[in-house]
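Positions are given from 1 along the sequence.
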Amino acid sequence: MDCRVVSVSGPDGAQMREVAQGLAEALGFALVDEEIIVHAAAEGGVDPDVVADVERRRSFLERAMTNFAAGSDLSAYSYSGVGGGTRGHLDSAVGPGEQGLRGLIQTAIEESADRGDVVIVAHAASHALAARADVLRVLVTASDTTRRERVASAQELSEKDAARAVEQSDTARSDYLKRFYGEKSELSTHYDVVVNTDRLVPAEAVSLIVTAAGR
């Protein structure tokens, strides 16, 4: 196929971003990742952290406690509840709401795809763009053992803590797909290309994907 957009998805520890970076360079495409969050936040008038938290399923209370632990002045924030005003990035979480923020994220993904010649990383872009014929949907994966080892090394975690981090990340990712796209489980058929980086290094994975992209 001759695609204008490649969406790259994958769990933590699978080297998704390394593959996406190499793919953008090989294709001469722009790499779009955090731009999705920033654009959605700007459109919704909320802090980018709030948009990111929707994807990670962090609650208002958890965000408040995180700021409290970090020594932030919580008097700058208010939780007005339904019908009240908003003030500060914590309270903005009750503004557009999760479904509203999901819509903003999807719009940002679609606008990025409309520009063409882009590699879009994460944010469930493969699901958001599933109906488009000019998109190559890629899943980068690896075994749980490999992923835990990589996370432990990258974040300097113990084996136990790395296993916990991978499990929590997988749960949040699965939950996001279920809540916003109605997918009970992630399937290989949701993607056009699936690469396993247990043995393939990112450069080898990139080579396979470039061939599939018809470039």
Separation between CG of D33 and CZ of R17, rounded to the nearest 0.5 Å: 4.0 Å
Over 12 non-hydrogen atoms of neighbours within 6.0 angstrom of CD in E110: yes
Closest non-hydrogen atom pair, D170 against P11: OD1-CB, 3.8 Å
I36 and S112, any side-chain heavy atoms less than 4.5 Å apart: yes
Steps toward side-chain hydrogen bond (donor to acceptor under 3.5 Å, both in side chains) verdict (Q106, R102): CA-CA 6 Å; Q106 182 158 350; R102 180 260 182 179; 3.1 Å; yes
Aromatic ring pairing H127/Y181, orientation class (parallel under 30°, perpendicular over 60°, tilted between): tilted
Identified side-chain hydrogen bond (donor to acceptor under 3.5 Å, both in side chains) partner of T197 from the options E18, R150, E204: R150
NZ/NE/NH1/NH2 to OD/OE distance under 4.0 Å, D161 and R164: yes
Set of residues satisfying side chain to side chain contact (heavy atoms under 4.5 Å, CB included) with respect to E149, sequence neighbours excluded: T145
Donor-acceptor contact present, side-chain D192 to main-chain R137, <3.5 Å: yes
Where N196 and S143 come nearest, the two heavy atoms and their spacing: OD1-N, 4.5 Å
Same cluster (ILVMFWY, side-chain, under 4.5 Å), L139 and V166: no
D114 vs R132 side-chain heavy atoms within contact, under 4.5 Å: yes
Atom CD of E159: over 12 foreign heavy atoms under 6.0 Å: no
Distance-minimising heavy-atom pair for G10 and R173: N-NH2, 3.4 Å
Steps toward side-chain contact (heavy atoms from CB on, under 4.5 Å) verdict (I120, L129): CA-CA 10 Å; I120 303 177; L129 302 174; 4.0 Å; yes
CG-SG distance between L27 and C3, expressed to the nearest 0.5 angstrom: 6.5 Å
For the student: nearest non-hydrogen atoms of D198 and A142, plus distance: OD1-CB, 3.5 Å
Validation row: H39, L104 side chains within 4.5 angstrom (heavy atoms): no
Sub-4.5 Å side-chain heavy-atom contact between Q21 and P202: no
Sidechain-backbone polar pair: D134 side chain, R4 backbone, donor-acceptor under 3.5 Å: no
Minimum-distance pair of heavy atoms, taken over all atoms of V118 and A113: CG2-CA, 4.3 Å
Short side-chain to backbone donor-acceptor contact, T211 and S207, under 3.5 Å: yes
Non-hydrogen side-chain atoms of T141 and Y191 separated by less than 4.5 Å: no
Check: E183/H190 side-chain N/O donor and acceptor closer than 3.5 Å: yes
From V6, V140, L136, residue fulfilling side chain to side chain contact (heavy atoms under 4.5 Å, CB included) relative to V193: L136
Spacing of NE2 belonging to H123 relative to CD belonging to E34, to within rounding of 0.5 Å: 5.0 Å
From CA spacing to verdict: side-chain contact (heavy atoms from CB on, under 4.5 Å), V19, V138: CA-CA 10 Å; V19 170; V138 176; 5.7 Å; no
For the student: nearest non-hydrogen atoms of A165 and L157, plus distance: CB-CD1, 4.3 Å
Presence of salt bridge, R147 and D144, under 4.0 angstrom: yes
ILVMFWY cluster, V151 and M16 together (side-chain gap under 4.5 Å): no
